[in-house]
Visitor: 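Shown below is the structure under consideration.
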Amino acid sequence: MRVSYGGDADLVESWLDDGWFPLVTSWLDEAVAAQIAEPNAMVLATVDADGHPATRTVLCKEITPAGVVFYTNYGSAKGVALQAHPYASASFPWIAIQRQVTFRGHVSKVDAADTQAYWNTRPRGSRLGAWASEQSSLVSSREALEQRLTEVTARFEGDDDIPVPPDWGGFRIAPVSVEFWQGRNNRLHNRIRVDIDESGTTMLVRLQP
């Protein structure tokens, strides 16, 4: 299986004159316009306490100059791993438009107010699901999982204000680097990385594909 890339303007350093954030949001807008399924999906990589890596796809719920945010059960496999090693990599694979952006950086929990604000936007079913699932824990069957949801639904019946579960919230990846990838013919892809030091100073480097 092989796909030829190219045909649009080459990614150049001047596209990043205003920093990494405007270009990320521009590419995200392109992904949305191209009707890519789940354009805010990103592949999150973590390392657990034993040094074993793991990847999974999560939904980014916020991108700001401070970084990217996603939400999860803090007791999940990724939550435990990030608390053991608070550093992660996350890639947005917009292959259909020949784009990819990868963030690498330090991870911290978002504050309770931000978690509450996002929780308030979730549909009721998603809130109940968060209560029903002890994420990453073993479950005997699909029926057992659905029974947990039935019990939680009954517990909060008539309650419009379902609270945030006590071990649930957001993580923010504060980037130390943001890499932009653009597909090109003959596999001579464009790669430009923005490195960010502790003072916020940035440096652009072009990488060979």
Side-chain angles (χ1 to χ4, degrees), residues 1-48 51-72 77-79 81-82 85-108 110 170-209:
M1 294 180 285
R2 184 169 295 274
V3 175
S4 294
Y5 299 120
D8 54 349
D10 275 310
L11 169 65
V12 293
E13 286 79 356
S14 62
W15 291 11
L16 289 151
D17 283 349
D18 295 325
W20 63 263
F21 179 66
L23 186 55
V24 167
T25 55
S26 175
W27 281 14
L28 176 57
D29 289 343
E30 288 186 45
V32 173
Q35 298 184 330
I36 292 176
E38 303 284 16
N40 62 323
M42 61 185 188
V43 180
L44 174 71
T46 60
V47 176
D48 68 16
H52 299 153
T55 59
R56 77 288 286 161
T57 301
V58 301
L59 295 180
C60 173
K61 292 301 180 179
E62 179 181 81
I63 304 178
T64 71
V68 294
V69 174
F70 63 95
Y71 290 84
T72 188
K78 60 182 171 295
L82 287 170
H85 292 293
Y87 198 93
S89 175
S91 295
F92 292 86
W94 300 316
I95 305 305
I97 58 169
Q98 307 176 31
R99 302 282 190 276
Q100 181 169 272
V101 178
T102 298
F103 289 81
R104 299 178 184 87
H106 302 285
V107 177
S108 60
V110 306
F171 283 110
R172 176 178 287 106
I173 304 173
V176 298
S177 72
V178 183
E179 181 180 325
F180 295 84
W181 175 96
Q182 180 192 44
R184 298 286 89 179
N185 283 331
N186 303 315
R187 297 304 186 256
L188 290 180
H189 309 308
N190 285 316
R191 295 174 61 193
I192 295 179
R193 191 180 71 214
V194 182
D195 292 332
I196 308 160
D197 67 18
E198 292 182 357
S199 70
T201 302
T202 61
M203 180 178 69
L204 300 187
V205 294
R206 181 176 283 271
L207 305 174
Q208 297 187 48

Visitor: With sequence neighbours left out, what residues match Asp195 under side chain to side chain contact (heavy atoms under 4.5 Å, CB included)?
Guide: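 Result, side chain to side chain contact (heavy atoms under 4.5 Å, CB included) vs Asp195: Ser177, Arg193, Met203, Val205.
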Visitor: Between Leu82 and Ala88, what is the shortest heavy-atom contact and its length?
Guide: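 Residues Leu82 and Ala88, closest heavy atoms: CD2-CB, 3.9 Å.
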Visitor: Got a donor-acceptor contact below 3.5 angstrom from the Trp94 side chain to the Pro39 backbone?
Guide: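 A pair under 3.5 Å: yes.
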Visitor: Hey, what do you get for CZ (Arg184) to OG (Ser4), rounding to the nearest 0.5 Å?
Guide: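 Taking CZ in Arg184 and OG in Ser4, the distance rounds to 11.5 Å.
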Visitor: Where is the tightest heavy-atom contact between Pro175 and Val178, given as atom of each residue plus distance?
Guide: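 Scanning both residues, the minimum pair turns out to be CB-CG2, 3.7 Å.
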Visitor: Val24 vs Phe92, test: side-chain contact (heavy atoms from CB on, under 4.5 Å). Steps then yes/no.
Guide: CA-CA 10 Å; Val24 167; Phe92 292 86; 5.7 Å; no
Visitor: Do Leu16 and Thr202 come close enough that some side-chain heavy atom pair is under 4.5 Å?
Guide: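 No, side chains not in contact.
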Visitor: Between Asn186 and Leu188 (side chain of the first, backbone of the second, donor and acceptor by atom type, cut-off under 3.5 Å), is there such a pair?
Guide: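 No: the side chain of Asn186 does not pair with the backbone of Leu188.
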Visitor: Atom CG in Asp8, atom CZ in Arg99: separation rounded to 0.5 Å?
Guide: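 Nearest 0.5 Å value for the CG-CZ distance: 4.5 Å.
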Visitor: Who pairs with Trp181 by ring-ring contact (aromatic ring centres under 6.0 Å, His included), at least two apart in sequence or on another chain?
Guide: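 Tyr5, His189.
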Visitor: Kindly write out the residues that satisfy side chain to side chain contact (heavy atoms under 4.5 Å, CB included) with Ala66, not counting sequence neighbours, or none if the list is empty.
Guide: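 With sequence neighbours excluded, Ala66 shows a side chain to side chain contact (heavy atoms under 4.5 Å, CB included) to Thr64, Arg172, given in chain and number order.
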Visitor: Using the rule given for side-chain contact (heavy atoms from CB on, under 4.5 Å), can you reason through Ile192 versus Trp15, listing the C-alpha separation, both sets of side-chain angles and the distance that settles it, and then say yes or no?
Guide: CA-CA 10 Å; Ile192 295 179; Trp15 291 11; over 6 Å; no
Visitor: With side-chain contact (heavy atoms from CB on, under 4.5 Å) as the criterion, how do Asn40 and Glu38 come out once you've worked through the C-alpha distance, each side chain's angles and the decisive distance to 0.1 Å?
Guide: CA-CA 5 Å; Asn40 62 323; Glu38 303 284 16; 3.9 Å; yes
Visitor: Is the distance from the ring center of Phe180 to that of Trp27 below 6.0 Å?
Guide: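 Yes, ring centres under 6.0 Å apart.
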Visitor: For Asn190, enumerate each residue passing the side-chain hydrogen bond (donor to acceptor under 3.5 Å, both in side chains) test, keeping only those at least two apart in sequence or located in another chain.
Guide: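 Checked Asn190 against side-chain hydrogen bond (donor to acceptor under 3.5 Å, both in side chains); matches are Asp10, Gln182, Arg206.
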Visitor: For residues Val176 and Tyr87, determine if any side-chain heavy atom of one lies less than 4.5 Å from a side-chain heavy atom of the other.
Guide: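 Heavy-atom side-chain distance check passes, below 4.5 Å.
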Visitor: CG/Leu59 to OG1/Thr72 distance, rounded to the nearest 0.5 angstrom?
Guide: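 Taking CG in Leu59 and OG1 in Thr72, the distance rounds to 11.0 Å.
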Visitor: Measure the spacing between CD of Glu30 and CD of Gln98 and express it to the nearest 0.5 Å.
Guide: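 Spacing of CD (Glu30) from CD (Gln98) equals 10.5 Å.
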Visitor: Do Val58 and Met42 have side-chain heavy atoms sitting under 4.5 Å apart?
Guide: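 Heavy-atom side-chain distance check passes, below 4.5 Å.
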Visitor: State which residues pass side-chain hydrogen bond (donor to acceptor under 3.5 Å, both in side chains) with Arg56; sequence neighbours excluded, sorted by chain then number.
Guide: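 If we apply the side-chain hydrogen bond (donor to acceptor under 3.5 Å, both in side chains) test to Arg56, skipping adjacent residues, the hits are Thr46.
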Visitor: side-chain contact (heavy atoms from CB on, under 4.5 Å) between Tyr71 and Val110: does it pass, once the steps are laid out?
Guide: CA-CA 9 Å; Tyr71 290 84; Val110 306; 4.1 Å; yes
Visitor: For Arg104, check side-chain hydrogen bond (donor to acceptor under 3.5 Å, both in side chains) against everything at least two apart and list the hits.
Guide: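 Scan of Arg104 (side-chain hydrogen bond (donor to acceptor under 3.5 Å, both in side chains), adjacent residues dropped) gives none.
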Visitor: For Ile173 and Ala90, work out which heavy atoms get closest and say how close.
Guide: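 The answer is CD1-CB, 3.8 Å.
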